[in-house]
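First up is the structure itself, then whatever we jot down about it.
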Amino acid sequence: MNQDTPVIELKGVGEKTQKLLEKLNIRTVGNLLSAYPRDYEVFGEPVKVSEASAGTVCAVYGAVSGIPNERRVRKLSILNVNIADSSGSLQLTFYNMPFLKKTLRQGGFYIFRGLVQTRGASRIMEQPKIFSREDYAKLTDRLVPRYSLTKGLTNQSLQKYVKQALSFYEFGPEYFSEDLLEEARLVSEREALETVHFPQNHDSLVQARRRLVFDEFFSFLFLMRKNKEFSDGLASNYRLLETADTVRFLEQLPFPLTRAQQKVWQEIKDDVGSARCMNRLVQGDVGSGKTIVAVLALLMTAANGYQGALMAPTEVLAMQHFETIQDYVKQYDLIFRPVLLVGSMSAKEKREAYGRIASGEANLIIGTHALIQEKVQYKALALVVTDEQHRFGVRQREHLAEKGENPHILVMSATPIPRTLAIILYGDLHISVIDELPANRLPIKNCVVNTGYRPKAYRFIAGQVEQGRQVYVICPQVEGDSEDAEGGAPLENVVDYTEKLKSALPAGVQVAYLHGKMRPADKNRIMEQFASRKIDVLVSTTVIEVGINVPNATVMMVENAERFGLAQLHQLRGRVGRGEHQSYCIFISASEKEESMERLQILNKSNDGFFIASEDLKLRGPGELFGIRQSGEFSFRIGDIYSDASVLKQASKAVDRILSEDPGLEKPANLLLKQHLEAAAGNHVDFRSI
Ligand code: ADP
Ligand code: MG
C-alpha cells in the first residue's frame with residue numbers, strides 16, 4: 001500500500017464510503033494519511049460538580065438525585081436529570097433520549113461528560129455522554145483524534161481506516177540527510193504520521209507535528225526558490241512608458257492618491273519601464289485602495305498597445321472588478337475594451353471572449369484562473385495582476401511562457417504578514433507596502449458580545465436598513481448538522497439563519513443568502529442584487545471575505561465569531577467602512593470561555609491588520625497545536641505561518657543551504673530528496689500557487 005493506492009482497497013471501504021471520503025477530498029491512502037485530525041479530544045480526570053465551569057467540556061462523577069423529568073415540545077423529548085456529589089448539584093438535559101429515564105437509576109453513580117453552559121443563574125450540561133467508572137478510566141488522558149467529517153461518516157470509522165492504512169503503508173526511505181534531521185530536530189516521517197493520528201502524549205505530538213510542518217514548508221520554499229531563479233532571469237518583452245491616459249485618469253478621480261499609493265505606483269512604473277520583467281507584490285490592509293493601483297498599471301499597459309489581465313480568486317470578485325472597470329470606462333472615458341472570462345459562462349460566450357482576446361480587440365481581460373487555461377490565446381499579454389490570490393507560481397508562469405508570453409506580474413494581497421516572514425514567503429517577489437488608509441474614512445465601531453445581544457443587534461440592523469444602508473451577516477456553516485459541534489457551542493448556519501432573520505426583521509427588509517455550495521451563476525446574481533441594493537441583508541459564509549466592495553454596506557455581524565481566526569475576522573470587517581458612512585462590526589460569540597472573549601477583544605482594540613496578527617500570535621503561543629487557521633492565502637495543510645514561524649525560518653535556512661551546495665540536487669546524497677520534491681510538486685496541488 002502506498003500513497004497512490006485508492007481508498008477502496010481498504011477493508012471496510014465500499015463504494016458508498018468511497019463517495020463520502022471523496023467529499024473530503026480523500027481519494028488515495030496518501031490523501032487519507034494527510035487528512036490530519038482537526039483537533040484532539042482529551043478525556044481529563046472527572047472534576048467536582050461545583051468545579052464544572054461554564055463554557056468548558058468536562059467530566060463529572062455524580063449520583064442521579066431525584067426522578068428524571070421528561071417534557072415534550074412537539075416531537076422533541078426533553079429529559080432533565082439532576083445529579084449531585086458532595087460539592088453540589090448540576091442539571092443534565094438530554095434531547096430525544098427518553099429511554100434514559102429507565103437506564104439512569106436514582107442513586108446510581110455515573111460519569112457524565114459534556115459542555116457546561118449557563119441558563120439564567122444555574123449551570124446545565126446538555127446531551128452529555130455517559131460512562132461507567134471503569135470505561136472512563138480506560139480513556140483518561142488519551143488524546144483521541146477528531147477528524148473533519150461529512151454526514152454519514154463517523155469519527156470512529158475514519159479512525160479505523162487511518163489505523164489500517166498506517167499498518168499496511170510502505171514508508172519510503174528517509175529523504176532528509178542525517179545532519180538535517182539532527183539539526184532541525186526532526187523525527188522520521190513514519191513516526192510523525194503515526195503520532196499525529198494516534199498520539200501517545202502531548203510531547204510526542206508536538207514533535208510529530210513539527211516534522212510534518214517542516215516538510216510542508218520545505219517543499220513550498222524549495223519550489224518557490226526555483227520560481228525565483230526562473231523569473232529573475234526573465235528579460236522584459238514589454239517596456240512600458242507612461243502616457244497621458246493615466247495622468248488624465250488621476251486628475252479626474254474624485255480623490256487624490258494617498259502618499260502610500262503614489263509611492264507604490266511609482267515603483268510599478270519603474271519596474272515595467274526597466275529591462276526585466278516585473279515581479280511585484282503589493283501588500284496593503286483591507287480598504288487601503290489596492291484596486292486603483294492595479295487599474296493604473298492596466299491602463300498604462302493598454303495605452304502602450306498591449307493586453308493586461310486581472311485575475312481574481314472567485315467569480316464573484318471577478319464580476320465585481322468587471323463592473324467597476326466598466327463604470328470607470330463610462331465615467332472617465334478610458335481606453336479599456338474589457339472582456340470577462342469566468343468558468344460559469346456558456347461555451348458560446350467563452351468562444352466569443354477567446355476570439356476577442358486572440359484578435360487583440362480586448363485589451364483588458366478580467367476573470368478567474370480560466371484566464372490562463374490552454375484555450376486562451378493572447379495577442380500581446382504584457383501584464384497579469386492577481387488580486388487577493390495566492391502567488392503567481394512557477395506552473396502558471398511556465399504555462400504562459402509556453403504560449404510565448406512573459407508578462408509582468410503584479411500580485412495584490414491584504415494578508416498582513418510581518419516583514420520578516422513576507423521576505424521568506426514571497427522570496428521570489430519584490431515587495432511594496434500600502435501602509436496608509438485613505439483620509440476620508442471613519443474608524444469602524446466594534447463590539448464583542450454574546451448571543452443575548454441578538455435582539456438588540458436586530459433592532460440596530462433594522463434601523464440601518466431604514467436609513468438606506470446594507471448589512472452582512474456571517475455564519476460558519478452552510479446548512480444544519482454538517483459538522484458536529486461537540487465540545488463547542490452550537491454553530492449557526494446560513495440557510496436556517498436567513499429564515500430566522502426574515503422573521504426577526506420588519507417585513508419590508510430584503511434578506512437573501514450566499515454560500516460556496518451555490519452554483520456560480522446564482523452566486524453572481526445574488527452579489528449583483530446586493531451591489532445594486534435590491535438586497536438589504538446578505539447572510540453568507542466567508543465566501544465574501546475577500547475583496548468585495550459595496551461601500552453602502554455599514555454593518556458586519558459575525559455569528560460564532562469564536563470559530564474564526566482573528567486575521568479572517570479582520571478581513572470580514574474590511575467589507576464595511578469602505579465609504580463615507582459610519583460603519584459597525586458586531587462580533588457575536590456563542591462560547592462562554594473567557595479566553596475566546598479575550599481573544600476577540602483584540603479586534604475591539606485595533607483596526608490594524610498587522611497589530612491584530614501579532615497580538616493573536618502572542619495570545620496563542622507556541623503551545624497551541626491546531627489553532628484556528630489564520631492565513632487563507634497560504635493554504636498549508638498543517639503549517640501556520642504565524643504560530644510556526646520558527647519552523648518556517650528553519651526550513652528556509654535549510655533550503656538555502658542545500659541549494660547553495662547542490663543547486664540541481666544532482667549529488668547522490670540528494671537523490672531521494674529530489675525524487676520526493678518532484679512527487680510533492682505533482683501531488684500537493686494544495687500549494688495552489690505552484
Ligand atoms: P482594497 O485595498 O481592500 O482592495 P479597494 O481598492 O477596493 O480596497 O478600495 C476601497 C475603496 O476605497 C474603494 O471604494 C475605492 O474607490 C476607495 N479609494 C481607493 N483609494 C482611495 C483614496 N486615495 N481616497 C479615497 N478613497 C479611495
Ligand atoms: Mg481589493
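The model shown is predicted, which means the values in this text are computed figures rather than measured ones. Read the numbers this way: they start at 1 and go in the same order the structure lists the ligands and their atoms.
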Problem set entry | Arg441 heavy atom under 4.0 Å from ligand 1 |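 Yes.
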Problem set entry | Sub-4.0 Å heavy-atom approach of Pro256 to ligand 1 | yes
Does ligand 1 have a heavy atom under 4.0 Å from the side chain of [X], from its backbone, from both, or from neither?
{"X": "Met412", "value": "neither"}
{"X": "Thr291", "value": "both"}
{"X": "Gln262", "value": "neither"}

Exercise. Judging by distance only, is a nitrogen or oxygen of Arg578 under 3.5 angstrom from one on ligand 1?
Worked result: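 Between Arg578 and ligand 1 (N or O atoms, distance only) the closest approach is under 3.5 Å.
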Exercise. For Gly287, is at least one N or O under 3.5 Å away from an N or O on ligand 1?
Worked result: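 Between Gly287 and ligand 1, an N or O pair is found under 3.5 Å apart.
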Problem set entry | Derivation of the ring-ring contact (aromatic ring centres under 6.0 Å, His included) call for Phe249 and Tyr328 | CA-CA 9 Å; Phe249 178 50; Tyr328 281 153; 5.5 Å; yes
Exercise. Does Val494 offer a backbone N or O that forms a donor-acceptor pair with the side chain of Thr498 under 3.5 Å?
Worked result: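 The answer is yes, because a donor-acceptor pair under 3.5 Å joins these two groups.
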Exercise. Should you measure from each heavy atom of Thr258, which atoms of ligand 1 turn up under 4.0 Å away?
Worked result: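 It comes down to these atoms of ligand 1: 23 (N).
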For this session: Please could you name the atoms of ligand 1 that Val286 approaches to less than 4.0 Å, counting only its heavy atoms?
Result: 3 (O)
Exercise. So between Gly579, Ser288, Ala260, Gly289, whose heavy atom ends up nearest atom 9 (O) of ligand 1?
Worked result: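 It is Gly289 whose heavy atom sits nearest to atom 9 (O) of ligand 1.
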Exercise. Yes or no on side chain to side chain donor-acceptor pair (under 3.5 Å) for Ser432 and Gln283, after CA distance, side-chain angles and deciding distance?
Worked result: CA-CA 6 Å; Ser432 295; Gln283 226 186 358; over 6 Å; no
For this session: May I ask you to say whether Arg259 pairs ionically with Glu436, meaning some side-chain N is under 4.0 Å from a carboxylate O?
Result: yes
Problem set entry | Side-chain ion pair, Glu559 and Arg454, N-O less than 4.0 Å | yes
Problem set entry | Criterion salt bridge (charged side-chain N to carboxylate O under 4.0 Å, His left out) on Glu361 and Lys379, from CA distance to verdict | CA-CA 9 Å; Glu361 189 210 321; Lys379 179 86 186 294; over 6 Å; no
